[in-house]
Amino acid sequence: MASDFIRQKVIEDNRAGKYAGRVMTRFPPEPNGYPHIGHAKSICLNFGLAADFGGVCNLRFDDTNPLTEDMEYVEAIKDAVRWLGFDWGDREYYASDYYEQLYAWAEKLVLQGDAYVCFLSEEQFKDCRGTVQGPGKPSPTRDTSPEQNLALLRRMKAGEFDEGACVLRAKIDMASPNMKMRDPPMYRIKKAHHYRRGDAWCIYPMYDYAHGLSDAIEGVTHSLCTLEFENNRELYDWYVQKVGFAQPPEQTEFARLDLTHVIVSKRYLRRLVEERRVDGWDDPRMPTLAGLRRRGVPAAAIRAFVERVGVARANSVVEYALLEHAIREELHKSAPRRLVVEQPLPVVVEGLGPARSLVAADLPAELGPSEGREVPLSEAIFIERSDYTDAPVPGWKRLSPGGVVRLRHAGLIRCVGEDRGPDGALIGLRCAKLSEGEATAAGKGVGTIHWVDQATAVPCTLRIYELLFAAERPGTERDLLEDLHPDSKKVVQGVAEASLAAPAVGAGFQFERLGFFAADPDSRPGHPVFNRVVALKDGFVPKAAEPKAAPAKAEPKRPAAPAKAEAAPPEVLAAAAAWGVSETVARALVGEPARAAWAEAAVAAGAPRADAANLVCNELARIPLDSLAFEPAEAGAALAAVAAGALPRGLLRQALAEVERGGLGARIEALRAAAAAAPALDAQIDALLGDHPAEAARLRAGDQKLLGFFLGQLKRRAPSADPAEARRLLQAAAGA
RNA sequence: UGGGGCGUGGUGCAAUUGGCAGCACACCGGAUUCUGACUCCGUAGGUUCCAGGUUCGAGUCCUGGCGCCCCAACCA
């Protein structure tokens, strides 16, 4: 199972008994566009996580905006989820089915005094909201009575107001530092036709109001969304709390998927389609799941890709090469191998004998047995134009004048002549099959090329796709359209071996030495059309080529350290001297007199000044002093004991960590007793080494790094042990 | 009166919660090969954003900086 911070959280929730171990997620798209590779991450996460924990994942359409949504998108989304291999059973839900319930709760909030109808114009609304720097102003109707607002809300719902005349607002806090909490709108008037609810409604809930409550209605436990909704979480919680759910769902955010060379913004995708820069939403160059699918990318590759990307909270951009790798890896295992020539060059091979068929395996032997297919062969064949040159570079392993090459599955040939047209252009080659003797002599090291029999060749269209955008981050340095790759789609007429006359649409193949291809729906019997999914990696680096310039050393990405901070104020310097501590600690002491007082109290109980100050400003820095479970005097006495050598420092640290389970003094005594009862240190070391035989062997072999590991393990077993003594004994044991 | 997040080789993520900084991709070598693919070995690449502090020991804890992202749609 994949492990990420979200799954870890689910495990913790389950351990704590939250939701009684139940796990329910949901994939909540708004049906206003075609789903893309970014959605695939969310789909795989939500469905995958539910499956990992024996739960379920709902498919819910968050359709709260009648202006942008359409059934076409609903279907596209369902197709994509199914194609990716996930099943939502009968749990296909729509926020628009919850409109009645959501409205009823809106009346409830109004009656509770938690919502009101506001008649501010959009412009005024904006003015009143304030800025990130300063608070907003209340709406004039903010403090009107619940009864008044209920009547107004009902009139809103009845269509008595024009669009934009008023909105229902949650009454929260116009001064909240979180802008989302400044009385956000819950409902707005839109006298528009809804693709599912028709004209039944003229007020529509906002995302924040509808989303969390929809989750709650369904019994969702873990509501996963992308990072930009972090600020919305507070509002999410507010709504489910005000409506009164006992065990509300909990929102967790993760980083959305971003890919180099790819743009997924709905706006830009739409532009590409509308301006006919691509051939529709399912153009194989599009990052839509429909496009990826048509291109021939297997769903399993997408899943593997998403898995490798992982789930975290840091914004990041994944290299496109990782997607390509996942695609190749998947197709390599399953795609039958075929012989296809992109740019045919006629060749006559003397001595090849009469026309016949040979049987070739579909897959390399190491991938297991395969059925194989018949490949016709005669003296007249096509080879790839680019597999011949009359000026070979060093390292060239293909055909050249007088050169020898292997025809895939069909033996060795030598080039004996060129045929050129009146203009001098190459129009064909003459070759001769090598005799058995010559062939063994020519032996190893000859290159292998692909070919197709002329008499039985199937004409085919090959669509060679490249990146839609050549730029790594399209649209960042110039207009997006200027970053379009001018040659992202090349159409060539090639020839395929006979077995490819009528491939199943969508079937994936490897055309040997060219790449992975898939049959496009545009195929017709006798004339297939293939999309190149991805090229094979090309390891050929001509020896004569300039040695590649060393990749430019990346600019040091960290700025130089800022100029040294100015000298500390005199009172800090004084405190540092008085306490014998660093300026950092002194600053804390000066800034928070209560801590200084606490430290003084510990000193009064015998603690060395520096130790007392360091303790209260480091180990204890995050804990409010009044919530400390022990007195400064208690800590001071302990520090004094440590200073006098009567108490191991490690034991004190341990006691501090466990102090919740008893007073400090009690903890110390308990740990002391445990330490006294524990076996001698060298015996513990023996036991420890025995428990980790592999690491122990490496330690004995002289791997000094393992010392830290064992020291750590030892400290866990014997917290009071003197570190120096432990290290000495451990080293002795290792040497033994 | 701003708030919420995030910083680990080129990229994406890990690090048993204070104890060996690792994995994958990319890159570069080499071996193998009837696909210049695949496979297999290997090299290189790190001031864990910076500066301090605590500790025997810090990617992890503390203090202070710096940088980047998100939030002021009646979009989601």
Side-chain angles (χ1 to χ4, degrees), chain A residues 3-4 30 32 62 64-65 67-68 122 125-126 129-136 163-164 167 175-180 182 185 187-190 206-208 211 227-234 253 255 260 308-319 321-322 325 328 332 337 364 366-367 395 397-398 406-409 446-450 510 512-514 536-541 548 551 554 557-562 564-565 581-585 587-588 614-615 617-619 621-622 649-650 653 695 698 703 705-713 715-716 722-724 726-727:
Chain A
S3 178
D4 51 65
E30 184 191 17
N32 69 348
D62 255 351
T64 55
N65 186 349
L67 268 22
T68 57
E122 232 176 305
F125 190 105
K126 201 172 282 184
R129 187 164 25 220
T131 68
V132 290
Q133 302 290 347
E163 275 189 25
V167 292
S176 171
N178 181 354
M179 299 295 292
K180 297 283 180 205
R182 316 247 264 228
Y187 273 92
R188 77 287 212 192
I189 300 170
K190 284 202 187 296
M206 300 291 293
Y207 162 84
D208 288 296
H211 187 82
L227 249 26
E228 67 268 26
F229 291 101
E230 272 173 326
N231 297 321
N232 301 58
R233 186 174 59 230
E234 194 179 355
E253 310 86 13
T260 61
R308 290 203 187 193
V309 166
V311 183
R313 285 182 69 86
N315 287 314
S316 59
V317 184
V318 178
E319 285 179 354
L322 187 62
H325 170 79
R328 289 195 189 101
H332 171 73
R337 311 295 131 117
E366 66 268 22
L367 289 172
K397 287 168 65 179
R398 312 174 208 173
R406 183 186 301 278
L407 292 180
R408 179 74 163 149
H409 303 301
V446 304
T448 301
I449 65 171
H450 56 282
Q510 185 194 102
E512 296 203 35
R513 303 213 304 133
L514 294 181
L536 255 25
K537 283 182 69 170
D538 185 3
F540 179 48
V541 182
K548 237 184 191 167
K557 66 178 174 182
R558 343 192 186 316
K564 188 148 169 46
V581 295
S582 65
E583 284 180 23
T584 307
V585 171
R587 212 179 291 269
N614 282 332
L615 179 74
C617 292
N618 275 297
E619 275 90 342
R622 217 158 28 170
R649 188 180 288 271
R653 295 164 63 93
E695 287 82 357
R698 282 171 58 196
D703 191 341
K705 291 181 190 166
L706 265 307
L707 208 58
F709 167 71
F710 279 110
L711 212 46
Q713 295 296 318
K715 289 301 287 180
R716 202 156 295 172
D722 173 50
R727 177 179 288 266

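Each chain gets a letter, A, B and so on, in the order the sequences are listed, and its residues count up from 1.
Atom C1' of nucleotide B:rC34 and atom CD of A:Gln510 are separated by 13 Å, given to the nearest angstrom. Distance A:Arg328 CZ to B:rU35 P: 18 Å, rounded to the nearest Å. Atom CG in A:Leu367 sits about 15 Å away from atom P in B:rA37, given to the nearest Å. A:Asp4 places its CG atom 17 Å from the C1' atom of B:rU16, with the value rounded to the nearest Å. Rounded to whole angstrom, the span from the CZ atom of A:Phe540 across to the C1' atom of B:rC28 amounts to 17 Å. Atom pair A:Glu253:CD and B:rG5:C1' shows a separation of 9 Å (rounding to whole Å applied). Regarding A:Leu615, its CG atom lies at a distance of 14 Å from the C1' atom of B:rG53, rounded to whole Å. Distance, A:Arg406 CZ to B:rU33 C1': 11 Å, rounded to whole Å.
Under the salt bridge (charged side-chain N to carboxylate O under 4.0 Å, His left out) criterion, A:Glu512 pairs with A:Arg408, sequence neighbours left out. For A:Arg313, the salt bridge (charged side-chain N to carboxylate O under 4.0 Å, His left out) partners two or more places apart in sequence, or in a different chain, are A:Glu230, A:Glu253. Judged as a salt bridge (charged side-chain N to carboxylate O under 4.0 Å, His left out), and not counting sequence neighbours, A:Arg337 has no contacts. Every residue two or more places apart in sequence or in another chain was checked for a salt bridge (charged side-chain N to carboxylate O under 4.0 Å, His left out) with A:Arg188, and none qualifies.
A donor N or O paired with an acceptor N or O is found under 3.5 Å between the base of B:rU35 and the side-chain atoms of A:Arg337. The base of B:rU55 does not come close enough to the side chain of A:Glu619 for any donor and acceptor atom to sit less than 3.5 Å apart. One N or O donor and one acceptor, one from the side chain of A:Arg653 and one from the base of B:rG18, sit under 3.5 Å apart.
Distance check, rounded to the nearest 0.5 Å: OH of A:Tyr207 to CD of A:Glu30 gives 10.5 Å.
Here the side chain of A:His332 is nearest to one of B:rG36, B:rA37, B:rG53, namely B:rA37. The side chain of A:Thr448 has B:rU35 as its nearest neighbour among B:rU35, B:rC13, B:rU1. Among the nucleotides B:rU1, B:rC13, B:rC34, the one closest to the side chain of A:Pro135 is B:rU1. For A:Arg649, taking side-chain heavy atoms from C-beta onward, the closest of the listed nucleotides B:rG53, B:rA37, B:rC56 is B:rC56. Distance from the side chain of A:Glu230 is smallest for B:rG4 among the nucleotides B:rA37, B:rG4, B:rC34. Nearest nucleotide to the side chain of A:Asn315, out of B:rG5, B:rU1, B:rC69: B:rC69.
At the phosphate of B:rC6, OP1 or OP2 sits under 4.0 Å from a side-chain N or O atom of A:Arg313.
Across all strands shown, B:rA14 has no partner, as no Watson-Crick or G-U wobble contact with both distances under 3.5 Å is found. With a cut-off of 3.5 Å on both pairing distances, B:rC75 has no Watson-Crick or G-U wobble partner at all. Pair assignment for B:rC6 gives B:rG67, based on Watson-Crick or G-U wobble hydrogen-bonding distances that are each under 3.5 Å. Under the Watson-Crick and G-U wobble criteria, each requiring two contacts below 3.5 Å, nucleotide B:rU39 is paired to B:rA31. A 3.5 Å limit on both hydrogen-bonding distances identifies B:rC62 as the Watson-Crick or G-U partner of B:rG52.
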Q: Could you please spell out the steps behind the side-chain contact (heavy atoms from CB on, under 4.5 Å) verdict for A:Thr260 and A:Val318?
A: CA-CA 6 Å; A:Thr260 61; A:Val318 178; over 6 Å; no

Q: In sequence, state the C-alpha distance, the side-chain angles, and the governing distance for A:Asn32 and A:Asn65, and then conclude on side-chain contact (heavy atoms from CB on, under 4.5 Å).
A: CA-CA 9 Å; A:Asn32 69 348; A:Asn65 186 349; over 6 Å; no

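For the pair A:Leu536/A:Leu514, no side-chain contact is recorded, criterion being any heavy-atom separation below 4.5 Å from C-beta on. The shortest side-chain heavy-atom distance between A:Lys180 and A:Glu234 does not fall under the 4.5 Å cut-off.
Proximity of a side-chain donor or acceptor of A:Asn178 to a complementary backbone N or O of A:Asn231 within less than 3.5 Å is detected. A donor-acceptor contact shorter than 3.5 Å links the side chain of A:Arg513 to the backbone of A:Thr448.
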Q) Tell me, for nucleotides 71-76 of chain B in 5' to 3' order, what letter each nucleotide earns: B for a base near a protein heavy atom under 4.0 Å, S for only sugar-phosphate near one, - for neither? A) SBSBSB

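In this structure B:rU17 sits in the syn conformation; its chi angle is within 90° of 0. In textbook terms, a nucleotide whose glycosidic angle is within 90° of 0 is syn, and B:rA73 is one such case.
Look at the P atom in both B:rA44 and B:rG30: the space between them is 16 Å, to the nearest Å. Across B:rG42 and B:rA24, the matching P atoms stand 12 Å from one another, rounded to whole Å. For B:rU11 and B:rG7, the P atoms lie 14 Å apart once the distance is rounded to whole Å.
The residue among A:Gly134 and A:Pro364 whose nearest nucleotide of RNA chain B is located toward the 5' end is A:Gly134.
Residue A:Glu234 is classed as having no contact, given no heavy-atom separation below 4.0 Å to the nucleic acid. Counting non-hydrogen atoms under 4.0 angstrom, A:Val581 reaches nothing in the nucleic acid. Here A:Ala255 lies out of heavy-atom contact (under 4.0 Å) with every strand. If you check every strand for non-hydrogen atoms under 4.0 Å, A:Ala588 touches nothing.
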Could you list the protein-to-nucleotides 23-25 of chain B atom pairs, N/O on both sides, closer than 3.5 Å?
{"from": "B:rA24", "atom 1": "O2'", "to": "A:Arg308", "atom 2": "NH1", "distance (Å)": "2.9"}

